[in-house]
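Quick caveat, the model's predicted, so the values are computed rather than measured. We use all heavy atoms of the structure for the numbers below, so side chains are in, but hydrogens, waters and symmetry mates are not.
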Amino acid sequence: MAQTYSPLSNNFRYDDLVNSFSDEDLLQSDDGDVDIQEIVAEIGQRYDVSSRDEVFFTQATNTEGDACSALGNSIDQLNKHEKCLKKSCANCSKPRRVEYVSSLKKGPHISMPGQYSTKYVKEERKMKRMYDHHAIVKEIKSAVGSNVTMVLIHFTKHDGKIAVHEETKEFNLRVNELYIVDYVFPRYDPDTVVTRAESILTQRSDKFETYNIVTGNCEHFATWCVVGESKSSQVQSMRQKIADALSRLLGAGSKIAKGILRLLVVSSDEIASRLSKAVPELVLGGAASLYLIYCIVMTALHVQDYKNDQMCWSCLKGKVLDLWLTFGAFVLTSMITFLILHFAVPLMAPGVGMPLVILSILLAVAFQMSVPRLRKALTSPFSIDRVKVTNLANIRIGDVLSHRFYGVIEQTSIVSEVTTKKDKQTKGWIRLIHYGLSTSLATKIVEEDVEIDTDKSSIYVLDCKPLCTFPADIVVSRARSRIGETKWALFSNRSDHFSYWAKVQQYNNDILDEISNEENTKPTEKIEASLFIEKREIHNVEDIRIGEVVQSNVIGIIDDTGILSSVRYFDGKDGRKFEIDVYSYSFLRTVTRKKYTVDLNKDRLYVKVYNPAQCQTMEQRVQNARDMENKKGSWWTTEGFIEHCIELNSE
């Protein structure tokens with residue numbers, strides 16, 4: 001079976017395609033064979049097809065009747081594709097720190113620390129803020145070194161009034177923290193986003209005419225420009241925090257109320273005694289009822305957003321799970337503390353009962369707070385849709401597959417090979433790379449053949465089109481490079497994490513140019529941008545550079561961080577085992593250089609990423625560390641030594 005594909009643009013019109021065919025159009029080539037590929041090529045030329053999205057056409061036969069059927073199936077695929085493009089979701093957006101001004105373009109939704117309620121803590125090299133401000137980038141005027149001048153459309157104060165205005169602003173990444181808000185499912189392209197933002201400047205309507213912190217703030221405006229719906233993650237987060245706080249307060253309130261009433265009841269007054277028994281039940285029952293109604297209403301709203309293509313399935317599932325898991329935790333902990341208060345405390349000594357109640361309340365609150373975090377930690381990094389496999393032709397090399405491992409455990413794998421049984425497209429073998437079970441019963445990345453029957457088993461292909469992915473051959477190569485790894489971790493290195501690393505381009509590897517020290521010699525009044533950005537795990541030795549700040553269990557238990565000064569390969573750059581030289585700062589406050597052997601199949605190695613605009617070049621970092629070798633330092637912590645080596649001196 002031959003497969004050909006043609007990419008389709010977002011403005012492709014399928015009705016126009018069908019109407020453009022006439023009775024004189026032929027579905028056959030000169031030699032009498034049906035050529036679906038030629039038809040697809042003509043579609044691409046006629047409709048100015050781009051290379052962003054791909055829809056696959058399967059040619060199963062060369063007869064005219066079957067060719068018409070094949071083309072009809074292809075049109076059905078295109079209609080599904082068009083529906084997918086109409087879907088949007090503001091909930092699975094994620095802010096990404098701007099490290100280089102070259103990553104700023106026309107059209108993105110950006111955010112930055114709000115103008116008010118912000119504080120830069122110099123000792124921590126961190127900007128702390130209460131809220132973020134959001135804007136749409138209309139134009140990049142200039143971008144040099146760490147300085148960028150942009151034309152923004154956003155809510156801002158003008159002539160004493162907060163409204164949507166166009167404004168040209170200058171930013172320095174040493175001083176200002178900027179974030180690009182990445183959307184998995186944006187509804188509009190960058191040009192359209194800018195056009196929508198500009199329309200608010202000129203239209204005469206009630207939309208965003210006035211600023212409202214709850215229903216019409218700067219984030220509502222920015223998300224409306226990108227996805228067509230006004231959403232604010234800050235408002236949603238605050239609303240959820242208030243609901244959670246009230247549930248915890250009222251849940252604990254039943255116990256606190258009972259304790260207070262018991263202190264007030266110093267006589268055998270029957271009314272007071274009955275009141276002390278009734279109040280806790282009333283408070284707890286009322287809190288549970290209100291919380292239940294809140295969960296039902298929010299679930300209905302989320303489902304409605306999903307049906308209107310304003311929320312993806314992954315976000316719907318996550319939000320609904322958060323609601324009901326938190327409610328379940330509230331009910332469970334309230335019942336436990338209620339039983340302790342009514343049955344256990346009366347049997348205890350006076351000095352033991354009240355501390356036990358307080359402890360149970362604190363544990364209940366902590367448990368309720370941890371439930372959403374635990375759910376998020378166990379959620380797959382793939383916030384995309386999945387498509388049920390009904391035919392092995394739906395599976396291609398480099399795809400990410402979701403299936404049941406040994407029929408029980410949900411597993412995510414990379415496809416490296418597909419083989420079908422003779423004359424059967426629903427049965428065959430697929431070769432998968434994933435975390436499996438080795439002979440020693442320890443989790444290990446393996447490549448193995450799995451026999452499947454799509455008629456009997458539920459197998460899904462993850463639709464990675466919205467993501468920036470590697471080519472199929474690179475995906476398989478990256479996956480195979482980690483075969484033999486034994487670093488499975490429940491919260492950070494499962495099969496879905498492994499598959500995401502192999503498939504998705506998470507970082508812009510093309511941006512390797514450093515901001516030279518000369519470009520940062522211009523004095524700045526103050527530095528308010530956070531120095532530390534994030535910690536990234538290294539799975540390939542080619543992903544680290546000399547001069548970076550590395551952290552690993554092989555360096556130490558307490559002092560496990562240092563400046564990388566050299567790398568020596570044992571098996572070439574493609575190998576998993578190598579030797580590193582690291583300058584580290586010991587608890588004796590001495591800078592030393594030591595050699596460590598790292599085996600990426602079992603050792604965890606991380607790179608700490610810092611704001612390039614505030615940092616020395618990689619070469620200068622190593623030199624600064626080398627100058628301190630075998631010398632006593634004045635810093636009390638390893639972080640102080642690291643900052644001395646990497647940070648530019650501020651004026």
Worksheet item: So, Gln411 versus Ser402: side-chain donor-acceptor pair below 3.5 Å or not?
Response: no
Taking atom CD as the centre, does Glu170 end up with more than 12 heavy-atom neighbours from other residues, nucleotides or ligands that are less than 6.0 angstrom away? no
TODO: Check whether the side chains of His134 and His109 place a donor and an acceptor atom closer than 3.5 Å, and report yes or no.
DONE: yes
Looking only at heavy atoms, the pair that brings Leu648 and Ala613 closest together is CD1-O, 3.7 Å
Between Arg621 and Thr617: side-chain donor-acceptor atoms closer than 3.5 Å:
no
Task: Phe578 and Phe570: CA distance, side-chain angles, deciding distance, ring-ring contact (aromatic ring centres under 6.0 Å, His included) verdict - done: CA-CA 5 Å; Phe578 51 92; Phe570 290 155; 8.1 Å; no
Answer yes or no: is there an ion pair linking Asp599 with Lys577, defined by an N-O contact shorter than 4.0 Å?
no
No-hydrogen, no-angle side-chain donor-acceptor test under 3.5 Å, Gln234 and Asn217
no
Just checking Gln115: does its CD atom have more than 12 heavy atoms from other residues, nucleotides or ligands closer to it than 6.0 angstrom?
no
Nearest heavy-atom approach of Val475 to Phe470 is CG2-O, 3.5 Å
- prompt: Cut-off 3.5 Å, side chains only: do Thr469 and Gln505 have a donor facing an acceptor?
  reply: no
Open item on the list: Is it true that, when you exclude Lys126 itself, more than 12 heavy atoms of the residues, nucleotides or ligands shown sit nearer than 6.0 Å to its NZ?
Closed with: no
- Task: Report yes or no: do Asp132 and Ser111 form a side-chain donor-acceptor pair below 3.5 Å?
- Result: no
Determine, for Asp581 against Arg568, whether the closest basic-nitrogen to carboxylate-oxygen distance falls under 4.0 angstrom.
-> no
* Asked: Do Glu448 and His434 meet the criterion of a side-chain donor-acceptor pair at a distance under 3.5 Å?
  -> yes
- For Val554, does its backbone N or O pair with a side-chain atom of Ser552 as donor and acceptor, under 3.5 Å? yes
Salt bridge (Lys or Arg N to Asp or Glu O under 4.0 Å) between Asp182 and Lys94, intermediate numbers included: CA-CA 5 Å; Asp182 293 322; Lys94 184 179 180 181; over 6 Å; no
Is it the case that Tyr606 and Arg604 place a side-chain donor and acceptor less than 3.5 Å from each other?
-> yes
- Message: Can a side-chain donor-acceptor contact be found between Asn493 and Tyr435 if the only test is distance below 3.5 angstrom?
- Response: yes
So the ring pair (Phe, Tyr, Trp, His ring centres under 6.0 Å) pairs with at least one residue in residues 611-641 (sequence neighbours excluded) are Tyr585-Trp635, Tyr585-Phe641, Trp635-Phe641, Trp635-His644
Do Asn601 and Arg576 have side-chain atoms, one donor and one acceptor, less than 3.5 Å apart? yes
dist Asn624:CG -> Glu647:CD (nearest 0.5 Å) comes out at 11.5 Å
Discussion item. Set out, in order, the CA-CA distance, both residues' side-chain angles and the distance that settles salt bridge (Lys or Arg N to Asp or Glu O under 4.0 Å) for Arg386 and Glu410, then state yes or no.
Written reply: CA-CA 14 Å; Arg386 58 182 194 172; Glu410 187 75 23; 3.4 Å; yes
Heavy-atom closest pair (Gly107 atom, Val194 atom, distance to 0.1 Å) is CA-CG2, 3.8 Å
Lys/Arg-Asp/Glu bridge criterion (N-O < 4.0 Å) met for Glu166, Lys138: yes
The residue among Cys92, Cys315, Ser314 that forms side chain to side chain contact (heavy atoms under 4.5 Å, CB included) with Val184 is Cys92
Do Arg482's NZ or CZ and the ring of Phe498 fall within the cation-pi criteria of under 6.0 Å and 45°?
-> no
**Prompt:** When you look at CG of Leu378, are more than 12 heavy atoms from neighbouring residues, nucleotides or ligands closer to it than 6.0 Å?
**Reply:** yes
Heavy-atom nearest pair, Ile538 first then Leu600, reads O-CD2, 3.8 Å
**OP:** Assign the ring pair Tyr500 / Phe382 to parallel, tilted or perpendicular, where the plane angle (0 to 90°) is split at 30° and 60°.
**Re:** perpendicular
Between Glu485 and Lys444, is the closest basic N to carboxylate O distance under 4.0 Å? no
Quiz item: Can you list the steps and then say if Arg97 with Glu534 is a salt bridge (Lys or Arg N to Asp or Glu O under 4.0 Å)?
Solution: CA-CA 9 Å; Arg97 179 78 176 270; Glu534 64 179 344; over 6 Å; no
Residues pairing under salt bridge (Lys or Arg N to Asp or Glu O under 4.0 Å) where one sits in residues 486-499, two or more places apart or in two chains, turn out to be Lys487-Glu537, Arg494-Asp496
